[in-house]
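Residue indices begin at 1 and follow the sequence shown. Each ligand, and each atom within it, is numbered from 1 in the order the structure gives.
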Amino acid sequence: MSLYWIGDKMARRKMLYEGKAKILYEGPEPGTIVQYFKDDATAFNAEKRSVIDGKGVLNNRLSEFFMTGLANIGVPTHFIRRLNMREQLCRSAEIVPLEVIVRNFAAGSMSKRLGIEEGTQLPRPIVEFSYKDDNLGDPLVPEEYIIAFGWATQQELDDIIAIALRVNDYMSGVMHGVGIKLIDFKIEIGRVWEGDFQRLIVADEISPDSCRLWDNETGQKLDKDVFRRDLGNLADAYSEVARRLGVMPNKPGNGSKPTLVN
Ligand code: UDP
């Protein structure tokens, strides 16, 4: 349980799950959850950690921006509305235990595994899957495993690939419009019930924590690699993405604290 305020009354709400970058609380109505974005940054399966002032606020706003944009082009997501600086109301969904990764250019684990130089354009967008298990380090898995172990059905997998490619087209286009190259990204997919029908929606978050974003001109990294590889201030990088998208003009955190007026 944690305490929070509704008007002038203190209320309790149930914490459902605490992850590395977010906390999930039970939502105000059945079928809803509240996602709270923390400032914590972790990398390399949480071996490297830090607190980045303002990161949670930025990711809350950026994820709202991308999820709303996706809904506008007909890609269903879990996002309902933003509640405040750090929280958003979402539909609760049963998360498919896969990290769905789409790559346009080689980077990260693909470059390492295949010896392809980072930034090399791929012949076409490639969708790949990791099995979500921190203890195992989220291993890359072939589709055969996913079906055989029942993590998703063949039909779901086909739908997941179609959703992932639509998200890729949307995200690539939006980013291109502000001079940023979408190298790769990760999404998570949830199942929701609508009457007797089950359908798949984009869940979790879409933010620079889960994308690789490079400036078109300079190649400057504007994503979590800034933290992973000690390339500078992470909140500055995320603020730059938010600024270009017109999401948030200023860096939140210390710089935006209210000042006392005498
Ligand atoms: N990614 C993520 N969470 C993970 C693993 C990867 O959000 O647990 C994102 C990562 O930020 C990148 C893309 O998925 O945008 C591909 O990551 P990659 O497989 O190259 O792994 P990494 O090099 O980050 O270990």
Side-chain angles (χ1 to χ4, degrees), residues 17-22 35 37-38 40-50 52 55-56 58-60 62-63 66-67 77-78 95-122 124-143 145-146 151 160-161 163-165 167-172 174-176 180-190 202-215 219-231 234-235 237-238 241:
Y17 173 79
E18 175 155 10
K20 285 173 276 195
K22 293 189 293 294
Q35 274 200 141
F37 287 77
K38 302 195 282 187
D40 303 42
T42 65
F44 313 118
N45 211 356
E47 274 169 37
K48 177 172 180 165
R49 6 170 119 243
S50 184
I52 314 281
K55 179 174 90 81
L58 282 158
N59 281 353
N60 186 25
L62 283 165
S63 200
F66 297 129
M67 295 281 185
T77 81
H78 73 159
I95 299 292
V96 176
L98 299 171
E99 307 218 313
V100 181
I101 292 167
V102 184
R103 300 179 187 274
N104 299 305
F105 298 84
S109 67
M110 173 185 251
S111 289
K112 220 176 271 170
R113 198 176 313 114
L114 301 181
I116 305 175
E117 194 187 340
E118 286 205 310
T120 307
Q121 186 158 22
L122 299 171
R124 63 181 178 90
I126 293 177
V127 183
E128 67 180 43
F129 303 95
S130 297
Y131 179 55
K132 255 172 78 74
D133 186 324
D134 281 343
N135 292 328
L136 300 174
D138 299 337
L140 185 69
V141 288
E143 292 186 25
Y145 285 24
I146 297 169
W151 299 326
I160 289 171
I161 292 170
I163 291 172
L165 291 173
V167 174
N168 186 45
D169 283 347
Y170 167 78
M171 292 290 293
S172 301
V174 168
M175 288 304 173
H176 182 73
I180 293 173
K181 203 146 74 168
L182 178 66
I183 302 294
D184 58 26
F185 65 93
K186 183 258 321 186
I187 51 170
E188 295 187 20
I189 299 289
V202 178
D204 191 52
E205 71 177 279
I206 302 180
S207 74
D209 266 7
S210 49
C211 300
R212 281 198 171 93
L213 306 169
W214 295 6
D215 180 82
Q220 187 194 353
K221 293 182 173 53
L222 298 168
D223 56 60
K224 209 165 97 176
D225 276 347
V226 171
F227 170 70
R228 293 190 190 99
R229 304 178 187 186
D230 297 318
L231 299 176
L234 192 69
Y238 288 20
V241 176

Can you find a protein heavy atom under 4.0 Å from atom 18 (P) of ligand 1? yes
S210 heavy atoms within 4.0 Å reach ligand 1 at atoms 7 (O), 9 (C), 11 (O), 15 (O)
Can you confirm whether the side chains of D184 and N104 place a donor and an acceptor under 3.5 Å from each other? no
Ranked by distance from atom 10 (C) of ligand 1, the top protein heavy atom is R228 NH2, 3.6 Å
Q) Is the shortest distance from a Lys or Arg side-chain nitrogen in K20 or D40 to a carboxylate oxygen in the other one below 4.0 Å? A) no
for atom 23 (O) of ligand 1, nearest protein heavy atom and its distance come out as R212 NH2, 2.9 Å
Taking only non-hydrogen atoms of D138 and a 4.0 Å limit, the atoms of ligand 1 in range are 8 (O)
A student checking ligand 1 against R103 at a 4.0 Å heavy-atom cut-off should list atoms 16 (C), 18 (P), 19 (O), 20 (O)
Taking only non-hydrogen atoms of G108 and a 4.0 Å limit, the atoms of ligand 1 in range are 20 (O), 23 (O)
Residue, atom and distance of the protein heavy atom nearest atom 9 (C) of ligand 1 read K186 CB, 3.6 Å
Kindly assign one of parallel, tilted or perpendicular to the pair Y131 and W151, based on the angle between their ring planes and the thresholds 30° and 60°.
parallel
- Are D209 and K186 close enough for a salt bridge, meaning some N to O gap below 4.0 Å? no
Requested in this report: Run the contact test for D209 against ligand 1 with a 4.0 Å cut-off on heavy atoms, strictly below, and give the result.
Outcome: yes
Any heavy atom of S130 under 4.0 Å from ligand 1? The part involved is neither
Does an N or O from S109, backbone or side chain, lie closer than 3.5 Å to an N or O of ligand 1? yes
Quick look: K112 vs ligand 1, heavy-atom contacts under 4.0 Å, and the answer is neither
shortest atom 13 (C) of ligand 1-to-protein heavy-atom contact is with D184 OD1, 3.5 Å
Say whether T42 and R228, considering side chains only, have a donor N or O and an acceptor N or O under 3.5 Å apart.
no
for atom 6 (C) of ligand 1, nearest protein heavy atom and its distance come out as E99 OE1, 4.3 Å
Decide whether a cation-pi geometry holds between K55 and F37; the criteria are a distance under 6.0 Å from NZ or CZ to the six-membered ring centre and an angle within 45° of the ring axis. no
Next item on the list: Would you sort out whether D223 and R212 count as a salt bridge (charged side-chain N to carboxylate O under 4.0 Å, His left out), showing the intermediate values?
Entry: CA-CA 6 Å; D223 56 60; R212 281 198 171 93; 5.3 Å; no
Notebook entry, point to check: Do K221's NZ or CZ and the ring of W214 fall within the cation-pi criteria of under 6.0 Å and 45°?
Noted result: yes
Does CZ belonging to R124 count more than 12 external heavy atoms closer than 6.0 Å? no
